[in-house]
Amino acid sequence: MTADPARLEAWFANQGWTPFGFQREVWSAMAAGRSGLLHATTGSGKTFAVWMGALQRACLGPGLQVLWLTPMRALAADTVRALQGPLPVLAPDWQVAARTGDTPSADRARQERRWPQALVTTPESLSLLLTRADARDVLGAVHTVVVDEWHELLGSKRGVQVQLALARLRRWCPTLAVWGLSATLGNLDEAMRALVADADGLLVRGRIDKSLRIDTVLPPAAGRFSWAGHLGAQMRVPVIEEIERASTTLVFTNVRSQAEIWYQWLLQERPQWAGEVAVHHGSLDPSVRAWVEAGLKAGSLKAVVATSSLDLGVDFLPVERVLQIGSAKGVARLLQRAGRSGHAPGRESRVTLVPTNTLELVEAVAARRAALAGRVESRQSPDKPLDVLVQHLVTVALGGGFDDDLYDEVRSAPAYVGLTRAEFDWALRFCERGGDSLGAYPDYHRIALVDGRWCVPDRGIARRHRLQVGTIVADASMPVKWLGGGVLGHVEESFIARLKPGDVFVFAGRVLEFVRARDLVAYVRASSRSRGAIPYWGGGRMPLSTELAEAVREVLDEARLALGVSVARDGLDASGIPDPAGPAQPLALASAPQAATVLAEPEMQAATPMLQAQARLSRLPARDELLVERMRSREGHHVFVYPFAGRNVHIGLAQLLAWRLARGVPNTWSISVNDHGFELLAAREPDLRALDDGSVLAAGDLMADVLASLNSGELAQRRFREIARVAGLVFSGYPGAPKSLKQLQASSGLFYEVFRKYDPANLLLGQAEQEVLSQELELQRLSDALARMAGQRRVTVELKAPSPFALPLMVERLRERLSTEQLKDRLERLVAASERALQPARGRRAREAVGAGQV
DNA sequence: GACCTGCTGCGGTTTG
């Protein structure tokens, strides 16, 4: 028995709503039993579209029929509320309930006595349901699964876990309908296929009429806006004025400390706002966060400063304005944040960018252009991660067991279409015997064949497995110790992993030499060198996306053309600007008038002083040029390169170049990177012929060189820790008695060593290496960048003073080893040098500088 | 006058 479509209309009419076209489209597809992906912004009525469709398929009666997956516990309760609305009309017998990690045990018990017809849950909780011996009894009648915020899950192992669970459910109910809800993605078709697998899926685009506005808060004095920096202190007053003009504003920052700082600034400038502004990020206690979210919902807060912790969730917020402080880093991220405003059908979404340095003014134009053109990043599902498979095999063995045909079921999950029988059998044997090296340890004999079915005979193993379900592994930090003992503090493992013995870095105000990492402690000794500081790379998880980086190159190129034209027209001595029509640059001058329009953008007008300074002190590179700047200072010999390819790629490029350059003539390089370029600083005069002739940029044996230039063994070992945890090799302890991080690290390090020695064919080792290359080093992006650079003309400029492009890189490096006061002094000297070089009277020097750079 | 750095997300045993 299914609900009458007329009743759907009646329910909507009752609310005073008329269904949108896309909602009807979803209903009819679902009534026909189809699966699909609904692409729509939040607050567009997508929840109702899919929920009403699910009810049309309802077989009224007891038993679980609809599963609704959400990536965040906090969204579950909201979703239950939203789903309950139409129930009295359409399915009065139905119950909707949430089940996540924070569901009280009394509620769980009640659910298990009589399952609700619809359950809102997380991917992890669904996997836990699959570990129940009665999994098939509980889940066998599920005919519809909705995966909310699929774009959030798709690219991660959490998404793979969802795919495996769906494969299981599909086995039990071949007519299973799966619907994903997703925000904008560059690869919606692929995203849908990952979810619906072989089914004939329908991609529905909801409410595309929603208008989008991306504008920028301009710095008060454009000519004096900082070339470097990420905090945005100069934007305090303009931001506060924006907040004052709106009822409620969400202020997004990129990092937690920045959120805290901005929160303090707001209170300093407007003490009367105490109690009306708040801060929200992932390190805050959940109770504080809940208070802030409730305040937002109630409309009692004027502004909240947040990190991406507020990207999702808290639906139906009365947020009027969204500000983004600093780079949005990606188009999808910007759109997501824009979507937090105008959160109702028909209302405009608006996000206002707040640049924190002059290059971000250019980036703002690029971001708007890419966003309006729909150049949105793609997300790829991980390719057959074996750690997730191993976990799933144990899960299924617990949940009623399996026999030989599980291989086909697993391969029906799109992430595993390429899984070979040998790989599957390896995973199976690994669950059975712990692979070639752990045969003697019963703890790793997790599954066994009993009466032709694989199951988990040991109750202790079963219990521990249920405690370990999931793929999220928290970041770890490593203590930094003197060789003689004594802890200096903790730093991210990812940082230590990139160090080679002998590397010098700065930490806790000291210059330290990295000696070795052992048992996950970084041992150091004091270094007598004053330079050689390697920057702190942090997580480096937020590089400028490929799409945004490309748009920045585009906008810069147009600005170069337009500025060249306008400077010449204004009769200014074109001293600083290499003649755009000169023979060295056979430019497509036809595009100049087009390019001139880019300067009409208000952000570009504000950025013009910086761009002119760059042109005079150095050069604005054309798209087919790779700008290399060199400078001598008391620090040594600087080489700046600007591929505009995002910081992860620049880390790899900088390491690679330093390594290749030092291969000929040994030298010690300090490295500094940002999203636009990188700096190599050598103490001794370097031999740059390989850079000049381009041979250093040759693809060559890229993989081998990258591996050699980085401490890839450390990287892989760190990666392996996650894999060991997901694959269930490492047990993190019972709730209330968790094992220390050190214990966990020691044991996963042990596994890594044992496998390498006694089980080198262990496929989890290979997975660790693959993940390092593809995710951390972004090898594909790196080789793309290298290919592009090799095809560009290198233009080398000798700098007399730091250029606007170079200054942020120098600051980045200096910051690591100077106190705030020292840095301030140093910066003042650097900037003064740039300003002197820019004086008209010294135009001759600048001209010389630029002239010397012509290739 | 220019400086502050890197996000998010989940799960939960114990049974003589």
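Sequence lines set the chain letters: A, B, ... in the order given, protein chains first and strands last, and positions in each chain run from 1.
- Side-chain nitrogen and oxygen atoms of A/Ser156 include none within less than 4.0 Å of the OP1 or OP2 phosphate oxygen of B/dG9.
- With distances taken from any side-chain atom of A/Leu128 to the nucleotides B/dC4, B/dG12, B/dG9, the minimum falls on B/dG12.
- Contact annotation: side chain of A/Thr307 to base of B/dC7, donor-acceptor pair absent below 3.5 Å.
- Between A/Phe644 and A/Phe805, the ring-plane angle classifies as perpendicular under the 30° and 60° cut-offs.
- For the pair A/Glu152 and A/Gly232, both in contact range of DNA chain B, the more 5′-proximal nearest nucleotide belongs to A/Gly232.
- Base engagement by A/Lys329 is indicated by at least one non-hydrogen atom pair under 4.0 Å involving a base atom.
- Partners of A/Glu679 under the side chain to side chain donor-acceptor pair (under 3.5 Å) rule, at least two apart in sequence or in another chain, are A/His638, A/Arg813.
- Using a 4.0 Å heavy-atom cutoff across all strands shown, A/Gln234 reaches at least one base atom of the nucleic acid.
- A/Ser226 has a side-chain polar atom (N or O) that falls below the 4.0 Å cut-off from OP1 or OP2 of B/dC3.
- Within 4.0 Å (heavy atoms only), A/Arg108 reaches sugar-phosphate atoms of the nucleic acid but no base atom.
- The distance from the CD atom of A/Glu149 to the CG atom of A/Leu69 is 12.0 Å, given to the nearest 0.5 Å.
- In this structure, the CG atom of A/Leu814 is 12 Å from the P atom of B/dC4, given to the nearest Å.
- Of the candidates A/Leu126, A/Val469, A/Leu153, A/Gln161 forms a side-chain contact (heavy atoms from CB on, under 4.5 Å) with just one, namely A/Val469.
- The nearest whole Å value for the distance from the CD atom in A/Glu149 to the P atom in B/dC10 is 12 Å.
- Distance from the side chain of A/Ile472 is smallest for B/dC10 among the nucleotides B/dC10, B/dC4, B/dG11.
- OP1 or OP2 of B/dG11 sits under 4.0 Å from a side-chain N or O of A/Ser125.
- For A/Leu69 and B/dG11, the CG to P distance is 12 Å, given to the nearest whole Å.
- The distance from atom CG of A/Leu830 to atom C1' of B/dA2 is 11 Å, rounded to the nearest whole Å.
- Taking every side-chain heavy atom of A/His230 into account, B/dT5 is the closest of B/dT13, B/dT5, B/dA2.
- Scored by the side chain to side chain contact (heavy atoms under 4.5 Å, CB included) test, A/Arg337 finds A/Phe252, A/Asn254, A/Ser308, A/Asp311, A/Val322, A/Gln324, A/Arg333 as partners (sequence neighbours excluded).
- Out of B/dG12, B/dC10, B/dC4, the shortest distance to the side chain of A/Leu467 is found at B/dG12.
- A/Thr471 comes within contact range of no nucleotide atom at all, as no heavy-atom separation falls under 4.0 Å.
- Here B/dG11 presents its P atom at 13 Å from CD of A/Gln391, a figure rounded to the nearest Å.
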Notebook entry, point to check: Does the pair A/Glu812 and A/Asn674 meet the rule for a side-chain hydrogen bond (donor to acceptor under 3.5 Å, both in side chains), with working shown?
Noted result: CA-CA 8 Å; A/Glu812 180 101 14; A/Asn674 62 21; 5.3 Å; no

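- When distances run from any side-chain atom of A/Glu835 to the nucleotides B/dA2, B/dC4, B/dG12, the shortest one goes to B/dA2.
- If you measure from atom CD1 of A/Ile325 to atom P of B/dT5, you get 16 Å, rounded to the nearest angstrom.
- Rounded to an integer number of Å, the gap from CZ of A/Phe731 to P of B/dT14 is 10 Å.
- Between the side chain of A/Asn357 and the backbone N or O of A/Gly229, at least one donor-acceptor pair lies under 3.5 Å.
- Contact annotation: A/Arg459 does not reach the phosphate of B/dT15 (side-chain N/O to OP1 or OP2, under 4.0 Å).
- Distances shorter than 4.0 Å separate some side-chain N or O of A/Arg289 from OP1 or OP2 on B/dG9.
- Nearest-nucleotide assignment on DNA chain B puts the 5′-proximal partner with A/Glu828, out of A/Thr121 and A/Glu828.
- Nucleic acid contact for A/Ala228: sugar-phosphate only, since backbone atoms but no base atoms lie under 4.0 Å from a heavy atom of the residue.
- Residue A/Arg73 places at least one side-chain N or O under 4.0 Å from the OP1 or OP2 atom of B/dG11.
- Between the CG atom of A/Leu75 and the P atom of B/dC10 there is a distance of 9 Å, given to the nearest Å.
- Looking at the side chain of A/Thr122, the nearest of the listed nucleotides B/dT8, B/dG11, B/dC3 is B/dG11.
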